[in-house]
Chemist: 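Sharing a structure below in structure tokens format, with a few things to ask.
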Amino acid sequence: MAKERITGSEALMRSLEHEGVTTLFGYPGGAIMPVYDALYGYRDKLNHVLVRHEQAATHAAEGYARVSGKVGVCLVTSGPGATNTVTGIADAMMDSTPIVVIAGQVGTSMLGSDAFQECDLVGVTQPISKWAYQIRRPEDVAWAVSRAFYIAKSGRPGPVVLDFAKNAQVGMVDYEPCHIDFIRSYVPVPKTDPESVRQAAELINGAKRPFILVGQGVEIGGAQEELRTLIERADIPAGCTLLGLSALPSDHPLNMGMLGMHGSVANSVKTQECDVLIAVGMRFDDRITGKLSTYATQAKKIHFEIDPAEINKNVPVDVAVLGDCKQTLAEVLALVEPNDHKEWVGSFQKHLDEEKRVVIEPEIHPGEGPIKMGEVVRKVTEMTDNKAVLVTDVGQNQMLSARYFKFSQKRSIVTSGGMGTMGFGLPAAIGATFGAPERMVCLFVGDGGIQMTLQEFGTIMEQHSPVKIILLNNNYLGNVRQWQEMFFGKRYSFTPMMNPDYNMIASAYGIPNRTVVERGDLERAIQEMIDTEGPYLLQVAVIEEGRVLPMCCPGNDVDDMVLDY
């Protein structure tokens with residue numbers, strides 16, 4: 001059968017279609033114009049979402065990928081269009097999110113000449129991506145796209161960058177689809193050592209005070225049921241990282257809540273008392289461990305991990321179980337015996353009760369005074385029956401929504417973990433509405449973060465993207481202000497915010513909106529937001545000098561938690 005001769009740009013369209021892509025986020029420009037011209041003929045097959053800034057394209061692709069489990073795709077031009085994606089690429093790399101960024105580039109004959117909007121994108125992005133490659137010939141398009149998707153989604157996922165030279169876009173090629181599922185020297189899933197499986201099971205069976213740390217790897221690997229079976233069979237309490245919060249239902253009796261700097265006091269204390277610490281799909285980030293030299297030194301440690309580079313990187317472990325955690329947990333489960341740790345599990349309760357009395361109840365049921373962030377979050381999650389997707393920006397809005405939102409379904413939290421990218425929330429929420437169109441997407445964002453990508457109201461307007469935006473407005477860069485209060489003598493250096501009229505802005509973009517100042521109006525306003533078809537902006541005036549507590553201060557032992565100050 002004769003191969004069809006087409007342009008490199010159309011070869012890209014067919015290759016994306018071959019990979020099962022249905023949605024991409026992008027912004028056109030000169031160096032990518034031939035691709036956009038080809039895309040014009042694929043509008044019924046490839047839904048292109050026009051963002052208002054290239055950074056938003058990457059974050060939208062991240063949001064899409066995180067809730068759908070598919071690869072997110074962005075399409076941008078060269079020069080500033082390409083460099084505007086760098087923050088999103090770095091964010092995806094830190095949080096193991098599979099996206100493919102396709103950027104235009106000047107023709108190969110002009111490379112190195114400082115041509116208009118030329119930039120060495122491969123050189124810029126190599127340190128922050130799984131793979132970065134420049135397509136210089138139309139003959140390489142199908143191969144490069146297939147390889148890019150395989151690398152992005154296999155093993156520990158992450159971002160891939162394709163730099164698409166203009167001559168490769170317009171040149172002709174005898175197109176043939178390509179399928180890559182093997183690359184020499186690239187081992188996405190390391191071989192599991194049976195001895196490590198045996199040793200892990202032996203430690204778990206012999207443990208008197210076991211504790212499991214649940215990371216995002218459980219969500220990525222689709223190992224939620226294996227995890228649940230393990231903790232129930234062996235009666236092991238569990239704590240979840242920020243990105244792993246929805247891997248285990250919030251109301252599970254063995255779920256002790258969030259780990260880390262602003263996590264559950266019980267988890268922090270018991271980390272220092274357990275005799276076997278079992279980490280699943282997490283990287284022992286500094287926000288989880290506190291001071292490394294004193295972190296869980298009394299415990300034997302088991303690390304289930306797909307990336308060998310994470311083993312012993314921060315915390316030395318006794319047993320490393322390499323491989324896909326869905327498979328490795330199942331293998332360990334076959335050797336794990338039923339157990340009862342009733343007394344150990346019960347010992348968490350006094351710390352949970354103290355935190356509830358000192359921190360949680362005053363936050364979610366303050367009764368009087370200004371509205372607090374936590375009570376807004378708790379009302380929203382309750383009124384959506386704990387079934388919504390939570391998207392957050394970064395700051396106090398992020399930590400308090402993570403603490404007080406409740407999860408009943410997997411892949412239900414989208415937030416910027418490793419990079420802590422302000423401005424992430426709004427475009428990520430837009431992407432999430434395309435990745436999970438059947439679910440309600442609730443975005444919690446602060447008055448600082450929303451202004452970083454506020455232009456994406458235009459994308460919401462054009463797409464009628466049904467993002468429920470809950471703007472927690474405290475007229476401060478709240479998280480920085482809290483640190484200035486705690487560590488810098490209340491010298492609020494450039495953290496007070498002068499804010500615009502967000503309701504007028506939302507109205508200008510055709511987004512229904514409302515502002516709540518009084519507590520008595522909150523529940524009715526949330527119900528109106530839920531009942532409104534499409535997008536909605538609910539601005540809530542919250543306490544200006546609010547705090548995220550408890551807190552493990554930087555450099556302290558993980559169990560040195562401040563409940564109040």
Side-chain angles (χ1 to χ4, degrees), residues 237-240 242 245-246 248-271 345-386 388 390 392 395-408 413 442 444 446 470 472-474 476 478-479 481-482 485-486 516-527 538 540-553 558-565:
C240 300
L242 174 65
L245 280 172
S246 63
L248 188 64
S250 300
D251 62 359
H252 193 287
L254 289 169
N255 187 346
M256 301 301 169
M258 188 166 76
L259 296 162
M261 175 178 280
H262 293 296
S264 157
V265 172
N267 286 340
S268 296
V269 170
K270 295 304 174 179
T271 294
V345 173
S347 71
F348 282 70
Q349 196 59 50
K350 69 174 183 179
H351 302 288
L352 294 171
D353 290 345
E354 182 186 19
E355 184 176 335
K356 183 176 181 180
R357 177 180 59 82
V358 177
V359 177
I360 297 175
E361 282 300 318
E363 181 69 30
I364 65 174
H365 296 126
E368 58 185 13
I371 300 171
K372 293 191 174 183
M373 290 189 186
E375 66 177 305
V376 180
V377 174
R378 184 55 62 89
K379 279 190 179 293
V380 170
T381 188
E382 289 174 350
M383 293 176 69
T384 56
D385 199 24
N386 302 331
L390 168 67
T392 86
Q396 290 185 321
N397 65 87
Q398 177 187 35
M399 291 294 101
L400 287 166
S401 57
R403 279 184 55 82
Y404 296 112
F405 209 80
K406 298 296 181 183
F407 304 97
S408 61
I413 181 167
C442 293
F444 287 88
I470 302 98
L472 302 172
N473 191 342
N474 60 5
Y476 272 103
N479 220 34
R481 185 214 59 78
Q482 180 174 338
E485 179 184 11
M486 294 180 72
V516 171
V517 177
E518 300 296 331
R519 180 171 285 108
D521 299 328
L522 182 58
E523 190 167 319
R524 186 167 59 252
I526 293 171
Q527 192 61 55
L538 174 59
V540 184
V542 295
I543 184 170
E544 289 197 344
E545 296 191 2
R547 299 167 174 176
V548 184
L549 293 168
M551 180 176 181
C552 174
C553 298
V558 67
D559 60 341
D560 187 3
M561 298 286 280
V562 176
L563 272 73
D564 201 0
Y565 65 89

Chemist: Starting at OG1 of Thr384, measure out to NZ of Lys406 and round the result to the nearest 0.5 Å.
Modeler: 12.5 Å

Chemist: Do Leu390 and Phe407 have side-chain heavy atoms sitting under 4.5 Å apart?
Modeler: yes

Chemist: Mind checking the CG-SG spacing from Leu538 to Cys442? Nearest 0.5 Å is all I need.
Modeler: 10.0 Å

Chemist: What are the two closest heavy atoms between Leu242 and Ile413, and how far apart are they?
Modeler: O-CD1, 3.5 Å

Chemist: Report yes or no: do Thr381 and Asn386 form a side-chain donor-acceptor pair below 3.5 Å?
Modeler: yes

Chemist: Any non-hydrogen side-chain atom of Glu354 less than 4.5 Å from a side-chain atom of Arg357?
Modeler: yes

Chemist: I'd like to know if Arg403 pairs up with Glu363 as an ion pair, taking the criterion as any Lys NZ or Arg NE/NH1/NH2 lying under 4.0 Å from an Asp or Glu carboxylate oxygen.
Modeler: no

Chemist: Is there side-chain contact between Arg524 and Val516, with heavy atoms separated by less than 4.5 Å?
Modeler: no

Chemist: Please assess Arg481 against Glu485 for the test salt bridge (Lys or Arg N to Asp or Glu O under 4.0 Å), listing each intermediate value before the final yes or no.
Modeler: CA-CA 6 Å; Arg481 185 214 59 78; Glu485 179 184 11; 3.0 Å; yes

Chemist: Kindly indicate whether the side chain of Thr392, heavy atoms from C-beta on, has any atom under 4.5 Å from the side chain of Phe405.
Modeler: no

Chemist: Check whether any side-chain heavy atom of Met373 sits under 4.5 Å from a side-chain heavy atom of Val548, and report yes or no.
Modeler: no

Chemist: Ignoring hydrogens, what is the shortest heavy-atom contact between Tyr565 and Arg547? Give both atom names and the distance.
Modeler: O-NH1, 2.6 Å

Chemist: CG/Leu259 to OG1/Thr271 distance, rounded to the nearest 0.5 angstrom?
Modeler: 6.5 Å

Chemist: Kindly say whether Asp559 contributes a backbone atom to a donor-acceptor pair with the side chain of Ser268 at under 3.5 angstrom?
Modeler: no

Chemist: Which pair of heavy atoms, one from Gly263 and one from Met561, lies closest together, and at what distance?
Modeler: O-CE, 3.6 Å

Chemist: Between Val376 and Leu472, what is the shortest heavy-atom contact and its length?
Modeler: CG1-CD2, 3.8 Å

Chemist: Looking only at heavy atoms, which two atoms of Ile364 and Pro366 are closest? And how far apart?
Modeler: C-CD, 3.4 Å

Chemist: With heavy-atom distances below 4.5 Å as the criterion, would you say the side chains of Ile360 and Glu355 are in contact?
Modeler: yes

Chemist: Could you check whether any side-chain heavy atom of Met258 comes within less than 4.5 Å of a side-chain heavy atom of Cys240, counting everything from C-beta outward?
Modeler: no

Chemist: Which atoms form the tightest heavy-atom contact between Ala238 and Leu248, and what is the distance?
Modeler: CB-CD2, 4.1 Å

Chemist: Under the criterion side-chain contact (heavy atoms from CB on, under 4.5 Å), I'd like the reasoning laid out for Met551 against Met261: C-alpha separation, chi angles, the key distance, then a yes or no.
Modeler: CA-CA 5 Å; Met551 180 176 181; Met261 175 178 280; 4.2 Å; yes

Chemist: How many angstroms lie between CD1 in Ile543 and CD in Gln396, if you round to the nearest 0.5 Å?
Modeler: 10.0 Å

Chemist: Determine whether more than 12 heavy atoms belonging to other residues, nucleotides or ligands lie under 6.0 Å from atom CD of Glu523.
Modeler: no

Chemist: For the pair Asp564 (side chain) and Val358 (backbone), establish whether a donor and an acceptor sit closer than 3.5 Å, ignoring hydrogens and angles.
Modeler: no

Chemist: So, using ring-ring contact (aromatic ring centres under 6.0 Å, His included) as the criterion, who are the partners of Tyr404 when residues are at least two apart?
Modeler: none

Chemist: Below 3.5 Å, can you tabulate the donor-acceptor pairs from side chains in residues 345-352 to any protein atom, sequence neighbours excluded?
Modeler:
residue, atom, partner, partner atom, Å
Ser347, OG, Lys270, NZ, 3.1
Ser347, OG, Trp344, O, 2.6
Gln349, NE2, Asp353, OD1, 2.8

